[in-house]
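Below is one structure, written out as C-alpha cells; the observations come after it.
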Amino acid sequence: MNESLIMRLDESVASRIAAGEVIERPVSAAKELIENSVDSGASDIRIILEQGGKASIVVEDDGCGIRFAEMPLALERYATSKIRDIDDLDRVRTLGYRGEALSSMAAVSRLEIRSMTREAAAGGMIRCEGGVITAHSELQAAFGTRIQIDDLFYNLPARRKFMKAPTTELKRIIQVAQDYAVANPRVRFRVTNDGKAILDIGGAASSGDVIASVWGDEGRTSFVAVTRGAYSLSMWYNGMPGARRVNVTSFVNGRRVQDATIRSAISSTGGSIYGDWIVMLTAPPEDVDVNIHPAKAEIRFRKSGPIFEMTNGAAKELLMKSGGFSRDVSIDAPAPFDPWENYVPPAINNDRKTIFPSRPESGGVTERSQSGNLSPSGALFSDEPRRRYLGQAQGGYLVFDDAKGLCLLDPHAAHERILYEEIEEAFGDKSIPSQRLVIAQPVPGAIAASVAEQREVLLQMGFAFHLPGDDGYDGEAVISALPAVRGLGRLTPVEMLRSALRGIDEESDPSKRDREVWWRWARTACRDAVKLGEVMGEREAMELFEKLERCRSPYSCPHGRPTTIFFGGEQLKNWFER
Ligand code: ADP
Ligand code: MG
C-alpha cells in the first residue's frame, strides 16, 4: 500500500493560505475596508476598533451600498464591481480591483456586512464564518455599508500569534486613516478604540488643509506643485528641527504606495532631508502598472525617468524654500602637467564590514522591505540623508559621497547580490506562492507537450495553466499563474517555464528538483544583471544602492567578490593626517 505523499489541500485550507497574502494583520484588514469605503464614494467613514483591531474592526460608510442579492458574490474570490475585463486594468481609478479583500477576510475571521443602497426598499445582512456563509437576510439598514470583522485569524493560529500589541496595531490603523484623509480630503475619517474617540480628520477643502491639521500649522511646512504634460505633482515638506528620520509618504493616483523612484529622487537632492515628506502624484492610469503586488502597496511606472526628474526638482525646491539645502561643491579642472608622477599610494587596509552602513543604526530603510517598509504604517521610511551620486569612474564603478564616507560600488556585483537575495528569499518558503497572471500567456508549441506531461510538478512550483482538453476549456494552451518569486522581473513567463522544464528534466530526484529549478532561475536572472561598463544615470545608481543596502549580505556578490568599498570620514582624515 502506497499512500500518496502529496495531497491536494482542502479548499478551506487553501483559501486561508491565500488570504494570508492579502491580510497580514489587523491593519491590513482595516486598510482594505477603508479602501472599499473610499471606492464606494462615501463622505463619512467611521472606524470602530476593539483592542486596536485585534478583537474587532468595524468600518461604516455612507457610500453606494451593496445590493442584497449581490452580497454573497461580494464575498467570493475575484468578484469585483470595479473592473470588467483586462483592458480596464489600464484605467483603474478605484483603489480596489482584485476582488480578493472581502473573500480573504471572510476566510480568516467572523465577518458581517450590513448594507443598503439608495435605490432599494430594503437592505441586507450577510454573515460568514471561516469562509462559510451562515446567514443572509433582508433587513432595514442605514444607507451605506457597515462591515464588521471579529476575531481575525481565529482559525489561523500561527498568524494570530504574530499579531502585535493593540497599541501597535492602533497606531498603524490611525496612520492609514490619516493617509487616506490626506489623499481624500473631502471625506471625514473618525477612529475610535475601545469606546474612546482617537481621531477625527478630513472633511476639508484640500489635502493641504488636512496636512496642516496633522503636522500643525507653525509655518514650517513648505509646499510646491508642478505640472508637466499629463503628470502633476504636489509635494509637502516639514523639516522639523531636530528630526532624526526621514519619512516619505507617497500617493500615486490616490493610492498609497512604496516607490523606489520617488524615494531616491528625494534622497539624491544632496540636501539635508530629515523630516516628513508627502508626495502626491497624478499620472495617466495607463502609465502606472498597479498590478504587481497582492496588497497593492507597490506600483511600477512605465517610464520612471520623467517622474524622477520631476520629483527630484520639486524636492530641491522645497529644501531651498525651507533653507535645508547645502550648496554643491565644485571641483576644479585638473592642472595640465602631472604632479602625481612620483606618487606612491598609501596601502589601503579597508575593513569593509565596519565601514559599511550597518543596518540597525541607520533605522528604517534598511529593514527587510517586505515586513518593514511595506507594512501599511510603513508608507513612512527612513534613510540616511546626504547621499550624492557623483558619477562613474574607472570603467564603470559608481562613485557616491555618502554620510558614511566616499563609496565605490561595482554595479554588476551589487545587482547580482540583489537578484540573488530576492530569489533566495523565496527559497526560504517551502511552498512558493502563486501569482495569478492578469494576462494569460500562450505556451509556445515546442514545449506544450512537456507542459502537459509535467503539469502536476509545475503546479506544485506555483505555475498554473489552461490547457486544451481541460473541463470546458477549448482555447489554446496558456500559462495562467506563475510562481511569485521576487527578483525574476527580467524573466518572461515563458523563460521561467522553459528554465523550470529544463530543471525538471535534469533532476529526477523530486526532493532536489525544486532547488535545481530555483538555481536555474537565479543564474538566468544573474546573467541579466547590469554590466560594469553600462552607463548609469543618477536615478538607477541611487536605486541600486538603496536595494543593495536592504540585502542581508550587501558586502559581496554571490560569487564572493566585493560589491562596495568605503573610505570613511575617519579613514580619510587619518590619511590626510588631519
Ligand atoms: P475589490 O475592492 O477589489 O473590488 P473587495 O473584495 O474588496 O474587492 O470587494 C468586493 C466588492 O464588494 C467590491 O467590488 C464592491 O462592489 C463591494 N464592496 C465592498 N465593500 C463595499 C463598500 N464599503 N461599499 C460598497 N460596496 C462595497
Ligand atoms: Mg477592496
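At least one donor-acceptor pair closer than 3.5 Å links the side chain of Ser434 to the backbone N or O of Gly462.
With contacts defined as side-chain heavy-atom distances shorter than 4.5 Å, the pair Val279/Ile266 qualifies.
Stacking of Arg539 on the aromatic ring of Tyr389 is not recorded, the 6.0 Å distance cut-off and the 45° axial limit not both being met. A cation-pi geometry, defined here as NZ or CZ lying under 6.0 Å from the six-membered ring centre and within 45° of its normal, holds between Arg110 and Tyr154.
Every pair passing side-chain hydrogen bond (donor to acceptor under 3.5 Å, both in side chains) that includes a residue from residues 185-203 is listed here, sequence neighbours excluded: Asp44-Arg190, Arg188-Asp200.
Side chain to side chain, Ser267 and Glu546 meet the donor-acceptor criterion of an N or O pair below 3.5 Å. For the residue pair Asp276 and Asn247, a side-chain donor N or O sits within less than 3.5 Å of a side-chain acceptor on the partner. For the residue pair Asn312 and Thr269, no side-chain donor N or O sits within less than 3.5 Å of a side-chain acceptor on the partner. Side-chain atoms of Asp259 and Ser250 form no donor-acceptor pair, as typed in the model, at a separation below 3.5 Å. With hydrogens and angles left out, the side-chain atoms of Lys31 and Asn36 include no donor and acceptor closer than 3.5 Å. A donor-acceptor pair shorter than 3.5 Å cannot be found between the side chains of Ser232 and Thr227.
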Next item on the list: Start with the C-alpha gap between Phe189 and Tyr180, add the side-chain angles, then the distance that decides, and say whether ring pair (Phe, Tyr, Trp, His ring centres under 6.0 Å) holds.
Entry: CA-CA 9 Å; Phe189 292 81; Tyr180 278 111; 7.1 Å; no
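Interatomic distance, CZ of Phe545 versus OG of Ser268, reported as 13.0 Å (0.5 Å rounding). To the nearest 0.5 Å, atoms CD1 (Ile113) and CD1 (Ile147) are separated by 4.5 Å.
Salt-bridge check for Arg256 with Asp179: passed, with a basic side-chain N closer than 4.0 Å to an acidic carboxylate O. Using a 4.0 Å cut-off between charged nitrogen and carboxylate oxygen, Arg25 and Glu169 count as a salt-bridge pair. Salt-bridge formation is detected for the pair Arg387/Glu549: a Lys NZ or Arg NE/NH1/NH2 atom is positioned less than 4.0 Å from an Asp or Glu carboxylate oxygen.
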Throw together a table of side-chain donor-acceptor distances under 3.5 angstrom for residues 127-138, partners on residues two or more places apart or in other chains.
unit_1: Arg127; atom_1: NE; unit_2: Glu112; atom_2: OE1; d: 2.8
unit_1: Arg127; atom_1: NH2; unit_2: Glu112; atom_2: OE1; d: 3.1
unit_1: His136; atom_1: NE2; unit_2: Phe68; atom_2: O; d: 3.0

